[in-house]
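Let me begin by presenting the structure, written as structure tokens, before commenting on it.
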Amino acid sequence: METELQQYGHFIAGAMRDGDATTEIKNPATGETIAQVPKGTADDADAAVDAARDAFADPEWRRMDPTARGRVLLKLAQLIFQNDKDLAKAETTNQGKPFREALADVRYAAQTFEFYAGACDKINGETIPVPGNRLNYTLREPLGVTAHIAPWNFPFQLASRSVAPALAAGNTVVLKPASLTPLTAIRMAQLGHEAGLPEGVLNVVTGPGGELGNRLVGHSGVDGVYLTGSVETGKQVVQEIGASHIKPFTLELGGKNPNVVFPDANLEYAVKGCALGGYMNAGQMCWAGSRILLHESIHNDFLDAFQARVESLRMGSGLEKETYLGPLVSAGQRKSVEEYIKIGKKEGAVLVTGGNVPKDKDLKGGHFLKPAIFDQVTPDMRVAQEEIFGPVTSVMTFTDYDDAIRQANAVDFGLYAGVWTKDLATAHSAARDLEVGMVTINEFPITFPQTPFASAKQSGIGIEQSLLALDHYTRVKNVNVRIG
Ligand code: NAD
């Protein structure tokens, strides 16, 4: 599959549709072209929205017995499980991540569909006690057509994270994957169709964010927008909604997440967790543990063990079994990370290891970069403040609890935080004091379809995952009935 050139179209109204122009999709581990997809235009966005509007106007999906709607989503989950290895292979070949990680992503996506399949017939309204002889209640209705704009770092998983609850609530969907990684989103729509989604309920258009994403966001036929992407894109989306057509939106944006290691922590676990948090998916993660805050008394011991572990991470094509670290997603992304390596050095941070392009012959064609650790980072440095989105961690030290929390909170982002301690009071105090949407104690990173993926500060607005997310995919209608 990885060597054969695949031809894809948009997936609109239940069928593949060619675009006027195409884009070549590359394997970031080798540079080889693996597929061609349409380079969508505003007209393609309009066609997808029209198809979704027609499907919403037809009561077949939104008025379907909700238990039956759940069965369709459950069937989709089963099809994803049945095709998990093929999907993971496509993801690895397109995005670069190790196959093991891609397989976990695909299975997580299937579990997300399972979770929301079970929620379809539990989206209840409520009755409200009001004065007089009246019945007063709420209905929770689908919004209509929802637009989903996905990033390239977890293409399949993050697309499913918002598509599944949208469908569960009875909406019809237009999904725009990132232009670099569109392949598995198209497969999701095909499998959805096979599972029994009526035509036009799940549409996928591929192409650049600027033209296509922008058109979807401002479209008068779109009733809700769900973006997972950078803060910059989030700001553009908010502006576009404000300027064109007001509608609800959810923004899941970036992070500069701290892993705070207290002196009583189990150092072996902390080292492993910090390596996973910093270098999984080559560090291209909104919830990467890109800042490591160490109590000054454990700095040297931790750093020695951490450096040894990071230097042992095996780099290679994601399709090779032993690979821990794949390439960066594109030449542009590697260049951007290399720029941060220069910035960090210039600011006075000490580059302990990595940050250079490996010389190995078999890695030559890909966008590989050796995993880097910066030590002696201070909170004012750009490598402590900005999302690098690559295999780079910034190590800092703190003197006591208050200093740890102050430094952990001293960024504009507020997505995720790790705390390493055996002390219950320290753990729960930190969980309370950290200005983030999610805190994890003694493991990193971890989340589940049934738990909220929440954010604070510049990391976003709204919630994905869990039953809470369903609020973003439904609107409440109040009904008053005079009885007597
Ligand atoms: P990006 O913002 O460049 O692109 C995200 C998506 O938005 C892509 O599909 C892109 O084509 C589209 N887009 C770009 N400009 C647009 C516009 N003006 N209007 C509408 N759509 C537009 O992000 P990326 O580089 O693909 O992904 C990396 C970013 O995503 C990082 O900042 C990362 O932290 C963030 N992210 C956040 C989460 C989360 O859950 N909080 C998860 C994963 C990634």
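Whatever order the structure lists them in is the order used to number ligands and atoms, beginning at 1.
- With respect to atom 20 (C) of ligand 1, the closest heavy atom belonging to the protein is G213 C, 3.3 Å.
- Here the protein heavy atom with the shortest distance to atom 19 (N) of ligand 1 is N214 N, 3.5 Å.
- The nearest heavy-atom contact from the protein to atom 26 (O) of ligand 1 is W152 CD1, 3.0 Å.
- Because its NZ or CZ atom is both nearer than 6.0 Å to the ring centre of F56 and within 45° of the ring axis, R62 counts as a cation-pi partner of that residue.
- For Y473 and Y226, the ring centers are positioned less than 6.0 Å apart.
- Proximity of the aromatic rings of Y416 and F444 is defined here by a centroid distance below 6.0 angstrom, and this criterion is met.
- Within 6.0 Å of NZ on K39 lie no more than 12 heavy atoms contributed by other residues, nucleotides or ligands.
- Here the options are D105, T323, N153, the test is side chain to side chain donor-acceptor pair (under 3.5 Å), and the partner is K97; only D105 passes.
- Relative to atom 4 (O) of ligand 1, the option among N153, V225, T233 with the closest non-hydrogen atom is T233.
- Considering backbone and side-chain atoms alike, I149 places every N or O at 3.5 Å or more from each N or O of ligand 1.
- Looking at atom 36 (N) of ligand 1, its nearest protein heavy atom turns out to be C286 CB, 3.4 Å.
- At a heavy-atom cutoff of 4.0 Å, ligand 1 is contacted by the backbone of P177 but not by its side chain.
- Judged by the 6.0 Å and 45° rule, R291 forms no cation-pi pair with F413.
- Closest to atom 40 (O) of ligand 1 by heavy atom, among K235, R161, Q236, E464, is R161.
- At a heavy-atom distance under 4.0 Å, no atom of L212 approaches ligand 1.
- By the 6.0 Å and 45° rule, R107 does not stack over the aromatic ring of F81.
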